[in-house]
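Per chain, numbering begins at 1; letters A, B, ... match sequence-line order.
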Amino acid sequence: MPSPRVRFAPSPTGYLHVGGARTALFNWLFARKTGGTFILRIEDTDRERSTEEHTRVILDGLTWLGITWDEGPYFQGEYLARHRADAERLLAQGAAYRCFCTREELEAARGAAERAGQSFRYDGRCDRLPPAEVEARRARGMPFAVRLRMPDAELAWEDAVHGRISFQGRDFDDFIIFRSDGTPVYNLAVVSDDAAMRITHVIRGDDHISNTPKQIALYRALGQPVPVFAHVPMILGPDGKKLSKRHGATAVGDYQKQGILPLAMRNFLALLGWSPGGDREILSESEMIQLFSLEGIQKKPAVFDLTKLEWMNGQYLSMLPPAELRAPVLRHLAEMGIAAHGLDLDPVIDAVKARSRTLLDVARQVAVRLRGAPAELDPKAIQFVNKLGRTRYRENLERAARRLESLPDWSPAAIAAALATEAETSGQKLGDVMQPIRIALTGGTVSEPVDQLVAVVARAAGREAVLARLRNAAA
RNA sequence: GCCGCUAUCGUCUAGAGGCCUAGGACACAGCCCUCUCAAGGCUGGAACACGGGUUCGAAUCCCGUUAGCGGUACCA
């Protein structure tokens, strides 16, 4: 068996959609699993809406996800000559015919059918034109489109995810494969390209199922081998409708901006409509490749669950060393107006990442540790201060500052011991000593343990800054 | 309308006729840990759409119903 050749063929008319990204991912996993070739083809035949900017965003998105292609990107627009030649060959063989009906005539007929409550089907009138009439019209320069003569036969295939799917040729009308303006229609371009690129497995969205019988008819007419088809289910929004802009972020780039890690995104996408079987959730790249199979793909559509994506991102945040998080955190800090290049951020990131779900969460907490708490306190913090008493809050901060000042060793263990002693001597609960420090340093009631917090801020901003922040809050 | 696809906790899913009193994960609730919050651990509620078959036995196979989705273009 020859090694598989698969492709991802987005049209550059928008950003890289999560659905597209997942289709690309499945193609890539399949290629890596089978030792096949993954081809990228940009379907830019819709000149009106295609832009280079979109192409670049799609390429960047795939690269960000770690989805690498072996051939391409090819641009469909460059194969017009082959598309035309294929249409002409079909015409010469008698598998297709010229249709002189105008767009207006067709639309009128369709409108009439709809008003009569019937479905419109092209009746094949141009196929019944005498050859002499066809020649006469061509001689007059009358524009024509090319229609494929739909065979009255079963058009079925063994879908790799759905099993056998069968259509009847008579349920389709003779569809247009080549426009009167000299450009190919999608179905022809795709089949022509997939055949020329010797694609063996077409892995694409479920929304193409009803294109498949037309394409099979085209493969047969062209005398080309029919590839294996695998139709993967759609991705839905929380309301059960096809995922779209009104559900919020649908572009891969949006998630990058929100601080999702590419590994987490890819892992999450892989599990949306595919399961390795058993209870596996967090998968490394090699595990994913090893476990992947078309049979493991789900038949029904999946709802995109942002909460679970964020949970998974948190898992990756926990297990990744801070050095690998540094670069994106620096970018998020820069967006917040903080230039932190050159600083030793790793200990700060390390202290904070367990309490984060996104890189944005990490960056926000790092920012506080770097430049101090925001001016206004968190409501929960205010509540705590009121409960403890304003005076005691100040006193505790001042006493903590004095203790720390005279402490030579600012390791978390030494800090913890000093503050424990402080609580004991003043006869207070440990929390009443700790929490004011946390509030003074972060403005809120949530952080890593206070001993670590103090050590981390001291390292990032200096001991003097710690003492100043404590006394400042006490003032 | 017609053609096609699909149907297990709220969500992602495991499940290939007896292993199912239906398992895991997210989310939710409670407990433990604890200076706070996470993380982690434990516990709990929560599903085989419905109706017929086939079979000694059905979440699993067949038929129908219902519902959802996709397509029905000189869009991709």
Side-chain angles (χ1 to χ4, degrees), chain A residues 9-11 13 43-46 48-50 76 99 101-103 106-107 110 114 117-122 143-147 159 161-162 165-168 171-173 175-181 183-187 189-190 205-214 231 233-234 236 238 240-242 268 271-282 295 298-312 314-315 317-318 352-357 380-381 384 416 419-420 423 429-439 442 444-451 453:
Chain A
S11 62
T13 54
E43 310 216 318
D44 57 349
T45 46
D46 187 343
E48 300 286 297
R49 297 190 295 154
S50 300
Q76 190 164 59
C99 174
C101 299
T102 65
R103 219 181 269 254
L106 258 16
E107 266 159 30
R110 184 171 294 115
E114 269 166 28
Q118 292 171 333
S119 61
F120 172 77
R121 285 190 59 186
Y122 181 66
F144 61 87
V146 179
R147 285 185 188 268
D159 195 277
V161 348
H162 292 278
I165 298 180
S166 166
F167 287 80
Q168 293 300 328
D171 289 331
F172 296 88
D173 57 7
F175 65 99
I176 290 174
I177 56 175
F178 207 79
R179 297 187 189 95
S180 52
D181 68 357
T183 61
V185 171
Y186 171 75
N187 280 312
V190 167
D206 257 359
D207 47 343
H208 285 290
I209 286 181
S210 39
N211 277 324
T212 306
K214 298 180 185 178
H231 288 97
M234 311 266 77
L236 272 24
K241 300 258 190 279
K242 190 173 169 180
F268 176 73
L271 259 26
L272 212 53
W274 171 71
S275 165
D279 300 333
R280 311 296 304 272
E281 291 264 18
I282 305 291
E295 291 69 40
Q298 202 73 14
K299 291 182 175 72
K300 65 161 181 179
V303 174
F304 189 92
D305 183 1
L306 181 63
T307 311
K308 187 150 186 179
L309 203 212
E310 289 183 339
W311 165 78
M312 189 165 280
Q315 295 292 306
L317 242 26
S318 299
V352 130
K353 70 192 180 80
R355 260 157 304 273
S356 307
R357 300 216 121 184
K380 285 235 173 85
F384 178 87
L419 294 174
K429 283 188 294 183
L430 191 55
D432 288 346
V433 173
M434 297 295 209
Q435 198 65 308
I437 301 175
R438 174 174 286 121
I439 291 171
T442 67
T445 56
V446 171
S447 84
E448 62 272 41
V450 165
D451 52 348
L453 173 68

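- If you take atom C1' in B:rU8 and the same atom in B:rG4, they sit 24 Å apart, rounded to whole Å.
- Across all strands shown, A:Gly205 has no heavy atoms under 4.0 Å from either base or sugar-phosphate atoms.
- Among the protein residues, A:Val303 comes within range of the sugar-phosphate backbone only, with heavy atoms under 4.0 Å from sugar or phosphate atoms but none that close to a base.
- Comparing the P positions of B:rU11 and B:rC69 gives a spacing of 14 Å, expressed to the nearest Å.
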> Taking protein heavy atoms under 4.0 Å as touching, what does nucleotides 16-32 of chain B look like 5' to 3' if B marks base contact, S marks sugar-phosphate-only contact and - marks none?
Replying inline: -------BBBSS-----

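- Among the protein residues, A:Asp451 comes within range of the nucleic acid bases, having at least one heavy atom under 4.0 Å from a base atom.
- A distance of 12.0 Å separates OG in A:Ser210 from CG in A:Asp171, rounded to the nearest 0.5 Å.
- Not counting sequence neighbours, A:Phe175 has no partner by the ring-ring contact (aromatic ring centres under 6.0 Å, His included) test.
- Figure legend. B:rG40 is base-paired to B:rC32; pairs are counted as Watson-Crick or G-U wobble with both atom distances under 3.5 Å.
- If you check every strand for non-hydrogen atoms under 4.0 Å, A:Cys99 touches nothing.
- In this model, the phosphate group of B:rC37 is not approached by any side-chain N or O of A:Arg438 to a distance below 4.0 Å at OP1 or OP2.
- Comparing B:rC37 with B:rC19, their P atoms are spaced 44 Å from each other, to the whole Å.
- In this model, no side-chain donor or acceptor of A:Asn187 finds a partner on the base of B:rA76 within 3.5 Å.
- Scanning for salt bridge (Lys or Arg N to Asp or Glu O under 4.0 Å) contacts around A:Asp432 gives A:Arg392, with sequence neighbours left out.
- Using a 4.0 Å heavy-atom distance criterion, A:Glu107 is classed as making no nucleic acid contact.
- Residue contacts shown for A:Asp173 are absent, as no nucleic acid heavy atom lies under 4.0 Å away.
- Among the heavy atoms of the strands lying under 4.0 Å from A:Ser447 is at least one base atom, whether or not backbone atoms are also near.
- Taking atom NZ of residue A:Lys300 and atom C1' of nucleotide B:rU13, one finds them 8 Å apart after rounding to whole Å.
- Nucleotide B:rA7 has B:rU66 as its partner under the Watson-Crick or G-U criteria, with both atom distances under 3.5 Å.
- The separation between A:Arg110 atom CZ and B:rG1 atom C1' is 15 Å, rounded to whole Å.
- Rounded to whole Å, the distance from CZ on A:Arg103 to P on B:rC74 is 8 Å.
- Figure legend. B:rC19 is base-paired to no nucleotide; pairs are counted as Watson-Crick or G-U wobble with both atom distances under 3.5 Å.
- Taking the side-chain contact (heavy atoms from CB on, under 4.5 Å) definition, one finds that A:Ala423 meets it with A:Leu430, A:Val433, sequence neighbours left out.
- Contacts of A:Ile176 with the nucleic acid, taken as non-hydrogen atoms under 4.0 Å apart, include base atoms.
- Nucleotides B:rA29 and B:rG18 have their C1' atoms positioned 36 Å apart, rounded to a whole Å.
- When the P atom of B:rU72 is taken as reference, atom CG of A:Leu106 falls 15 Å away, rounded to whole Å.
- Distance, A:Lys214 NZ to B:rA76 P: 12 Å, rounded to whole Å.
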> Given the rule in the side chain to side chain contact (heavy atoms under 4.5 Å, CB included) test, do A:Lys380 and A:Phe384 qualify, once you have shown the distances and angles that lead to the verdict?
Replying inline: CA-CA 6 Å; A:Lys380 285 235 173 85; A:Phe384 178 87; over 6 Å; no

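- Atom P of nucleotide B:rA67 and atom CG of A:Leu236 are separated by 18 Å, given to the nearest angstrom.
- Under the side-chain contact (heavy atoms from CB on, under 4.5 Å) criterion, A:Val185 pairs with A:Ile176, A:Arg179, sequence neighbours left out.
- With hydrogens and angles ignored, the 3.5 Å screen pairs a side-chain donor or acceptor of A:Arg121 with a backbone N or O of A:Phe172.
- The base-pairing partner of B:rG1, taking Watson-Crick or G-U wobble contacts with both distances under 3.5 Å, is B:rU72.
- A donor-acceptor pair is defined here as one N or O able to donate and one able to accept, closer than 3.5 Å; such a pair exists between the side chain of A:Asp159 and the backbone of A:His231.
- Remark: A:Glu43 pairs with A:Ala9, A:Ser11, A:Arg41, A:Gln76, A:Tyr186, A:Val190 by the side-chain contact (heavy atoms from CB on, under 4.5 Å) rule, at least two apart or across chains.
- With hydrogens and angles ignored, the 3.5 Å screen pairs a side-chain donor or acceptor of A:Asp173 with a backbone N or O of A:Tyr122.
- One cannot find a donor-acceptor pair under 3.5 Å joining the base of B:rC69 and the side-chain atoms of A:Asp207.
- The nearest whole Å value for the distance from the CG atom in A:Leu306 to the C1' atom in B:rG10 is 16 Å.
- The CZ-P distance, from A:Phe175 to B:rG71, rounds to 17 Å in whole Å.
- Partners of A:Lys214 by salt bridge (Lys or Arg N to Asp or Glu O under 4.0 Å), not counting sequence neighbours: none found.
- Look at the P atom in both B:rG41 and B:rC26: the space between them is 9 Å, to the nearest Å.
- Taking 4.0 angstrom as the limit, A:Ser275 places a side-chain polar atom (N or O) nearer than this to OP1 or OP2 of B:rA14.
- B:rA46 and B:rG10 are spaced 9 Å apart, taking the C1' atom of each and rounding to whole Å.
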Report, one pair per line, the protein and nucleotides 2-5 of chain B atoms (nitrogen or oxygen only) whose separation is under 3.5 Å.
unit_1: B:rC5; atom_1: O3'; unit_2: A:His162; atom_2: ND1; d: 3.1

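- Under the salt bridge (Lys or Arg N to Asp or Glu O under 4.0 Å) criterion, A:Arg110 pairs with no residue, sequence neighbours left out.
- Summary of the strand contacts: A:Ser356 and A:Ala302 both lie near RNA chain B, and taking for each the nucleotide with the nearest heavy atom, the more 5' one is attributed to A:Ala302.
- A distance of about 16 Å separates the P atoms of B:rA7 and B:rA16, rounded to the whole Å.
- Under 4.0 angstrom from either OP1 or OP2 of B:rU36 there lies no side-chain N or O belonging to A:Lys380.
- In this view, A:Ser318 satisfies the side-chain contact (heavy atoms from CB on, under 4.5 Å) rule with no residue, not counting sequence neighbours.
- Distance alone, capped at 3.5 Å, is enough to place a donor-acceptor pair between the A:Arg438 side chain and the A:Glu448 backbone.
- Nucleotides B:rC9 and B:rG24 have their P atoms positioned 16 Å apart, rounded to a whole Å.
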> Which nucleotides of nucleotides 41-50 of chain B have their base under 4.0 Å from a protein heavy atom (B), which only their sugar-phosphate (S), and which neither (-), written as one string 5' to 3'?
Replying inline: ----------

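- For the ring-ring contact (aromatic ring centres under 6.0 Å, His included) test, no residue two or more places apart in sequence or in another chain qualifies with A:Phe178.
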